[in-house]
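Chain letters run A, B, ... following the sequence lines, proteins first, then strands; residues in each count from 1. From a predicted model like this one, the values you see are computed outputs, not experimental measurements.
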There are 2 protein chains.
Amino acid sequence: MNYDALKLENQLCFPLYACAREIVKRYKPFLDEIDLTYTQYIAMMVLWEHRQVTSKLLGEKLRLDSGTLTPVLKKLEEKGLVDRARDPQDERNLVVTLTPRGEALRTAAARVPEQMAACVSLEPDEAATLYKLLYKLLGNN
Amino acid sequence: MNYDALKLENQLCFPLYACAREIVKRYKPFLDEIDLTYTQYIAMMVLWEHRQVTSKLLGEKLRLDSGTLTPVLKKLEEKGLVDRARDPQDERNLVVTLTPRGEALRTAAARVPEQMAACVSLEPDEAATLYKLLYKLLGNN
DNA sequence: CTATAATTAATTGTGTCCAATTTAATAAAG
DNA sequence: CTTTATTAAATTGGACACAATTAATTATAG
């Protein structure tokens, strides 16, 4: 019996898994400067863009469920970066809103993508191809 | 000030991060059948190929440190799939060896890559490109 | 040979992730 | 209007992932 398909080097999943962790690791020194974890950072990204979102919408954008999101949002609230409140129109919904302090962090955060760009050794066209392939993989969920 | 670089949709890191989690999630039903988590599965892959490795080498291959690996290997030992023992030549090293039961699992595991292939909607050439780009990204660590 | 350095696992603490369940609120059906 | 179904967050439990520290062993320098 041929077990080649079971070799680590023949997996597509493994470099994907390793790469994702590697990139998060490369973000860490830059994110440390603004005291955010990677998960907190991508949550803040959505808030910087929209200022206010429901937990449900945030979860859809980040592809994370409440089990992950709830503690992250509580942490961001603790840091004074967001407010958490129920929607009076529908109390099932949690509305997350950027605070002035959260908004203020945006300027410092803007330097992160610049710094990261220097860390990724892909040509622009390679990055574009990678981006497209990843979204194609994600697409059919 | 232009904050476009801070938008989630303009990140390369995010689809990478989301994709990695998505793929692990798609593995789950197949891995459940052989009672392995994803991390346990990739550790077993190395063992199926080499039968015996040090914890250090395994960590290098999987890009995981002892903080992650130690509990995973203890779990695999609990399940009777591997043995854990110190190297008599150098007691700092932990030698992990496949048990007959671990070896026996290989046949069942061989079906996992087949089943997964059907789950990934990329053309062979696209998968090859993705593979190459991911390893290029990983390369310069 | 002995003190110091280096190497390897294990441990500790924090923060995800996710499946499954629970709780609360709203919607829909009868 | 009330019972049932649906929806959304929170909670719980298990398993990573990693930085930092500790402990044990081996190597090296003087």
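- Straight-line distance from the CG atom of Leu31(B) to the P atom of dA15(D): 14 Å, rounded to whole Å.
- For Asp65(A) and dT11(D), the CG to P distance is 14 Å, given to the nearest whole Å.
- Residue Thr70(A) places at least one side-chain N or O under 4.0 Å from the OP1 or OP2 atom of dA10(D).
- One finds a side-chain N or O of Gln40(A) lying less than 4.0 angstrom from the OP1 or OP2 phosphate oxygen of dT16(C).
- Between the C1' atom of dC16(D) and the CG atom of Leu36(B) lies a distance of 15 Å, rounded to the nearest Å.
- Using bins of under 30°, 30° to 60° and over 60° for the plane-to-plane angle, the ring pair Tyr27(A)/Tyr38(A) lands in the tilted bin.
- Protein atom CG of Leu73(B) is 12 Å distant from nucleotide atom P of dT11(C), rounded to whole Å.
- Distance, Lys75(B) NZ to dA17(D) C1': 16 Å, rounded to whole Å.
- In terms of polar N and O atoms assigned as donor or acceptor, the side chain of Ser66(A) comes within less than 3.5 Å of the base of dA10(D) in a complementary pairing.
- If Thr68(B) and Gly67(A) are placed on DNA chain D by their nearest nucleotide, the residue sitting closer to the 5' end is Gly67(A).
- A donor-acceptor contact shorter than 3.5 Å is absent between the side chain of Trp48(A) and the backbone of Lys7(B).
- Summary of the strand contacts: Asp87(A) and Leu94(B) both lie near DNA chain C, and taking for each the nucleotide with the nearest heavy atom, the more 5' one is attributed to Leu94(B).
- Side-chain N or O atoms of Lys61(B) include none that pairs as donor or acceptor with a backbone N or O of Leu8(A) at under 3.5 Å.
- Without hydrogens or angle criteria, Thr99(A) side chain to Gly102(A) main chain gives a donor-acceptor distance under 3.5 Å.
- Contact check, Thr37(A) against dT16(C): a side-chain N or O comes under 4.0 Å of OP1 or OP2.
- With Glu103(A) contributing its side chain and Leu81(A) its backbone, the two residues share no donor-acceptor pair below 3.5 Å.
- Residue Ser55(A) is the one, among Ser55(A) and Val72(B), whose nearest nucleotide of DNA chain D lies closer to the 5' end (criterion: closest heavy atom).
- The side chain of Lys56(B) places no N or O atom within less than 4.0 Å of a non-bridging phosphate oxygen (OP1 or OP2) of dA9(C).
- Between Lys28(A) and dC18(D) there is no side-chain N or O to OP1 or OP2 distance below 4.0 Å.
- Closest approach to the Asp90(A) side chain among dT8(C), dA25(C), dA10(C) is made by dA25(C) (side chain taken as heavy atoms from C-beta onward).
- Atom CZ in Arg26(A) sits roughly 18 Å away from atom P in dA17(D) (whole-Å rounding).
- OP1 or OP2 of dC17(C) lies within a sub-4.0 Å distance of a side-chain N or O belonging to Tyr17(B).
- Listed nucleotides dA19(C), dA8(D), dA9(C) differ in distance to Arg92(A); the shortest reach to its side chain belongs to dA8(D).
- Between the C1' atom of dG15(C) and the OH atom of Tyr41(A) lies a distance of 18 Å, rounded to the nearest Å.
- Set against dC17(C), dT11(D), dA9(D), the side chain of Lys74(A) has dT11(D) as its closest nucleotide.
- Taking a cutoff of 4.0 Å between a charged side-chain nitrogen and a carboxylate oxygen, Glu22(A) and Arg26(A) qualify as a salt bridge.
- Checking dA9(D), dC18(D), dA25(C) against the side-chain heavy atoms of Leu64(B) singles out dC18(D) as nearest.
- Phosphate proximity of dA10(C) to Arg86(B): present, with a side-chain N or O under 4.0 Å from OP1 or OP2.
- Regarding Gln89(A), its CD atom lies at a distance of 22 Å from the P atom of dA24(C), rounded to whole Å.
- When distances run from any side-chain atom of Asn93(A) to the nucleotides dA9(C), dC16(D), dA8(D), the shortest one goes to dA8(D).
- When the nucleotides dA9(D), dT26(C), dA17(D) are ranked by their closest atom to the side chain of Arg21(A), dA17(D) comes out on top.
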